[in-house]
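Numbering starts at 1 and runs along the sequence shown. Atoms within a ligand are numbered from 1 in the order they appear, just like the ligands themselves. Source: prediction; values computed, not measured.
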Amino acid sequence: MKLTLSVIKADIGSIGGHIGPSRKLLDAVKALVAERGKVDLLDHTVGSTGDDIAILMTHRHGAGSPIVHGLAWEAFVAGAQVAKEQGLYGAGQDLLKDAFSGNVHGMGPAAAELEIEERPNEPFLLFAADKTDPGAFNFPLYLAFVDAMNTPGLILSPKISQGFRFVIMDVNHTTGDRVIELLAPEQIYDIAALLRDPERYVVESVWSRATGEQAVAVATSRLHNIAGRYTGKDDPVMLVRTQMNFPATGEVLAPFAAGHYVAGGMRGSHNMPLMPVALGTTTSYFDGPPLVTCAAFCVHEGRLTEPLDAFSHPFWDEVRHNVTRKAVDMRRQGFFGAAMLPMGELEYTGISEKLATLDKAFKIRPPVTRADAA
Ligand code: 13P
Ligand code: 13P
Ligand code: MG
Ligand code: MG
């Protein structure tokens with residue numbers, strides 16, 4: 001029977017603005033998952049990245065299960081209650097609906113799920129990012145699954161060199177899931193043409209063409225499409241299976257050394273570089289910089305190992321210094337040009353109201369004619 005890995009994450013309140021959850025809040029979430037998980041889950045673990053809490057669960061109920069989604073929802077509701085009692089900022093921020101309706105999709109929390117035939121050795125990575133959106137994973141996924149300069153496995157391994165199938169979602173389409181499937185390597189320029197616009201086109205999943213197995217699941221929800229107003233960034237999670245028929249763990253981690261610019265940071269409205277950080281790291285400079293954690297696991301018959309922290313290695317210290325430099329450089333230009341997101345992506349309506357008022361005050365100046373000049 002297939003094993004399902006489900007990671008469901010939400011921001012349900014944090015200390016000191018959007019920095020990180022309180023110990024008491026985390027404990028409330030953990031306690032509920034542990035209690036309910038005895039019956040409904042094979043295993044689980046709970047962690048935080050910035051002000052977001054991710055619940056990783058293994059089970060046999062399949063993807064989108066009301067039992068598993070309901071359990072996560074209840075855990076977040078319990079945590080939000082503690083957040084309210086403690087006066088945390090943004091208590092219940094990502095719980096956008098009052099009543100649970102069978103699945104967290106469209107309700108605020110983000111979910112990434114993999115239904116797999118467990119391999120004898122099953123290594124996988126859980127990425128969680130704060131102060132950014134799911135398009136942040138376009139760049140590392142393109143390099144890891146398409147580019148032999150990053151992933152020598154694409155040349156060296158016969159299974160991997162058969163390539164991968166990308167499922168890409170148009171996240172601006174709000175009345176249903178608008179997706180396209182493209183094959184690497186034949187269609188890599190088509191894949192590139194879409195992924196260059198990470199606010200609109202987002203990798204949802206990646207599949208091995210050699211075996212048909214799913215390698216990647218990304219949470220693609222867009223909070224402002226659900227709430228109709230800004231309620232926080234979409235802060236995505238992603239599961240990636242590694243080794244054997246998939247890129248090696250190191251090949252999946254390598255692209256993060258670039259510290260690429262992503263949408264996020266202050267008020268969800270800026271371009272800032274993505275910093276790979278240790279598990280549990282909180283947010284700081286300019287409500288950022290956007291952060292990403294990576295917990296590495298193996299799973300056997302549904303039982304998880306302890307997480308290993310993939311970005312706590314000393315190698316990443318230099319990357320973090322570089323990201324700090326890039327972040328400060330970008331902030332030097334304030335709201336000008338590339339520093340702030342384009343109008344359509346700004347998470348606040350204040351500026352559009354201001355521009356609408358100013359627009360009415362514009363006047364067309366009559367052209368100066370030769371007679372006027374004389
Ligand atoms: P407020 O406008 O409620 O202060 O929240 C915005 C915010 O904290 C984004 O940084
Ligand atoms: P979160 O989405 O992490 O709550 O951040 C909100 C924000 O706008 C911070 O500036
Ligand atoms: Mg928050
Ligand atoms: Mg957050």
Problem set entry | T151 side chain to A144 backbone, donor-acceptor under 3.5 Å | yes
Problem set entry | Candidate with minimal heavy-atom separation from atom 3 (O) of ligand 2, of K131, H18, R267, H270 | K131
Exercise. Is there a side-chain contact between Q187 and F166 (heavy atoms, below 4.5 Å)?
Worked result: no
Exercise. Can you list the atoms of ligand 2 that are under 4.0 Å from a heavy atom of Q93?
Worked result: 1 (P), 2 (O), 4 (O)
Exercise. Taking side chain as C-beta onward, heavy atoms only, is F137 less than 4.5 Å from V202?
Worked result: no
Exercise. Any Lys/Arg nitrogen of R332 or D329 sitting under 4.0 Å from an Asp/Glu carboxylate oxygen of the other?
Worked result: yes
For this session: Taking only Lys NZ, Arg NE, NH1 and NH2, and the carboxylate oxygens of Asp or Glu, determine whether R325 and E318 approach each other closer than 4.0 Å.
Result: yes
Exercise. Do any heavy atoms of G268 fall under 4.0 Å from ligand 2?
Worked result: yes
Seminar exercise, completed: Here the atoms of ligand 2 under 4.0 Å from any heavy atom belonging to D235 are 1 (P), 2 (O), 3 (O)
Seminar exercise, completed: D287 heavy atoms within 4.0 Å reach ligand 2 at atoms 9 (C), 10 (O)
For this session: Of the side chain and backbone of D130, name the one, both, or neither that has a heavy atom under 4.0 Å from an atom of ligand 2.
Result: side chain
Problem set entry | Partner of F297 under side chain to side chain contact (heavy atoms under 4.5 Å, CB included), chosen from T58, L308, T45 | T45
Exercise. Under 2.8 Å from the Mg ion (ligand 4), how many protein N, O or S atoms can be found?
Worked result: 4
Problem set entry | salt_bridge(K24, D27) N-O dist < 4.0 Å | no
Exercise. Should the pair F127 and F256 be assigned to parallel (<30°), tilted (30 to 60°) or perpendicular (>60°) ring geometry?
Worked result: parallel
Exercise. Does E186 come within less than 4.0 Å of R209, counting only side-chain N to carboxylate O?
Worked result: yes
